[in-house]
There are 2 protein chains.
Amino acid sequence: MPRHAFDSDDWPKRFRRRGLRFTEPRRLILDILNGTNEHLSAEEIYLAVHKKYPGIGLTTVYRTLDLLVEMGLVHQFQFGDGRSRYELIHNPGKPGHHHHLVCSRCKRIIDYDDFVEEEVELIRKVEEALAKKHDFSIEGHLIQFYGICRECRE
Amino acid sequence: MPRHAFDSDDWPKRFRRRGLRFTEPRRLILDILNGTNEHLSAEEIYLAVHKKYPGIGLTTVYRTLDLLVEMGLVHQFQFGDGRSRYELIHNPGKPGHHHHLVCSRCKRIIDYDDFVEEEVELIRKVEEALAKKHDFSIEGHLIQFYGICRECRE
DNA sequence: TAGTAAATGAAAATCATTTTCATTAAGGAG
DNA sequence: CTCCTTAATGAAAATGATTTTCATTTACTA
Ligand SMILES: [Mn+2]
Ligand SMILES: [Mn+2]
Ligand SMILES: [Zn+2]
Ligand SMILES: [Zn+2]
């Protein structure tokens, strides 16, 4: 049984269920996202796919990423370096739901999910309070800590 | 004594201390930021200043905003609508340090600082743990909750 | 196998932001 | 107050990421 069989096997289904086709470019883009633990930009994904499939167009990468975000398979982030960065939500090499620690200087990004004891419970509570008070249906949160990494501090 | 005397009176000093000049465009941009509780984009600020001072250039707005961010007077955010949005840190019409609740549909942004009891303390604790574990000096955090507001839900 | 709609890629367009460069103006020295 | 130096400004051009357009290709269906 191949590793990560569950999610990868699911991809084609998820597309077909929506009347969409699971094409080579789409498969390759997902493969790249599945195989990295970085937060890649559209261009970085394009370059990576390009090695295996030189015919790919940057346009297709953008279109596919929009689609994957829309389908809820990929998270899109803006870490402040002027371009969107993408991360596969169910990635075998990464923690599941996690937050980010970002170096303001070198832009290094660290995923973490070893939450402090009460962290998860508190977030649930905050979401509940916000939902009630502002009559919002909360669907998610973005939590990032900014700082300077050791290398950048010397 | 004018309202918000403290901060506004401070602006010229802060500029001069850095060998920078406190010019009319800079003053006007700060006035706009000081007088709104929205999260304005560069263009929105430009349009607002333009009414009082039609000579202003969009370039100057961008340059001034960069400077204000660099000086630590203004926060720059990307809420995912493709442009940066800015907020004066010490704004008389706003809570001090606060987090955001964002409607994914209409992009409405709600400031909140009525943190749940243990919220502030927990964040401190998380920052401490992250700093130690990853050898980062933490300088801040970005916490946003996403959801759908009542209007957008009907 | 043929037909139909989805998907693709190249090129052009768009949009926010940055750079360039000639001109203006702030504020200190005299 | 006037001169001088240098910071600040604005218009126009450049840039860079993302989107749109459109002709062509491809996937799946009948
Ligand atoms: Mn991550
Ligand atoms: Mn705010
Ligand atoms: Zn760093
Ligand atoms: Zn809304």
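Convention: sequence-line order gives letters A, B, ...; per-chain numbering from 1. Hydrogens, waters and symmetry mates play no part in the numbers below; they use all other heavy atoms, side chains included.
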Non-hydrogen side-chain atoms of L68(B) and L33(B) separated by less than 4.5 Å: yes

Residue pairs involving residues 120-131 of chain A (criterion side chain to side chain donor-acceptor pair (under 3.5 Å); sequence neighbours excluded): E121(A)-R124(A), R124(A)-E128(A), K125(A)-E118(B), E127(A)-H141(A)

Gap between atoms CG and P, on L40(B) and dT17(C) respectively (whole Å): 13 Å

Listed pairs, N/O of protein and of nucleotides 25-28 of chain D, under 3.5 Å:
| from | atom 1 | to | atom 2 | distance (Å) |
| --- | --- | --- | --- | --- |
| dA27(D) | N3 | R21(A) | NH1 | 3.4 |
| dA27(D) | N3 | R21(A) | NH2 | 3.4 |

Length of the line joining R85(B):CZ and dC15(C):C1', which is rounded to integer Å: 14 Å

By ring pair (Phe, Tyr, Trp, His ring centres under 6.0 Å) - contacts of F15(B) (at least two apart): F22(B)

Members sharing F77(A)'s hydrophobic cluster (side chains within less than 4.5 Å): F79(A), V102(A), I109(A), L142(A), Y146(A), F77(B), F79(B), V102(B), I109(B), L142(B), Y146(B)

Nearest-angstrom distance from the residue atom NE2 of H50(B) to P of dT9(D): 16 Å

For D113(B), all residues meeting salt bridge (Lys or Arg N to Asp or Glu O under 4.0 Å), sequence neighbours excluded: none

Non-hydrogen side-chain atoms of H99(A) and H97(A) separated by less than 4.5 Å: yes

Whole angstrom value for the distance that separates C1' of dA26(C) from CZ of R18(B): 19 Å

Selection residues 16-28 of chain A - residue pairs positive for side chain to side chain donor-acceptor pair (under 3.5 Å), sequence neighbours left out: R18(A)-E70(A), E24(A)-R27(A), R27(A)-D31(A)

Between C1' of dA8(D) and CZ of R27(B), the distance in whole Å: 16 Å

Pairs where residues 50-71 of chain B contributes a residue and the test ring pair (Phe, Tyr, Trp, His ring centres under 6.0 Å) is met, not counting sequence neighbours: Y46(B)-H50(B)

Of all pairs that satisfy side chain to side chain donor-acceptor pair (under 3.5 Å), the ones with a partner from residues 71-81 of chain A, not counting sequence neighbours: Q76(A)-S84(A), Q76(A)-Y86(A), D81(A)-R85(A)

Under 4.0 angstrom between R26(B) side-chain N/O and dA7(D) OP1 or OP2: no

Letter per nucleotide, 5' to 3', of nucleotides 12-21 of chain D [B base touched, S only sugar-phosphate touched, - untouched; heavy atoms, 4.0 Å]: B----SBBBB

Spacing of I45(B) atom CD1 relative to dT17(C) atom P, expressed in whole Å: 10 Å

Rounded distance in Å - CD1 (I56(B)) to P (dA25(C)): 13 Å

Distance, rounded to the nearest Å, where M71(B) contributes CE and dA7(D) contributes P: 16 Å

Sugar-phosphate, base or nothing in reach of Y53(B), heavy atoms under 4.0 Å: sugar-phosphate

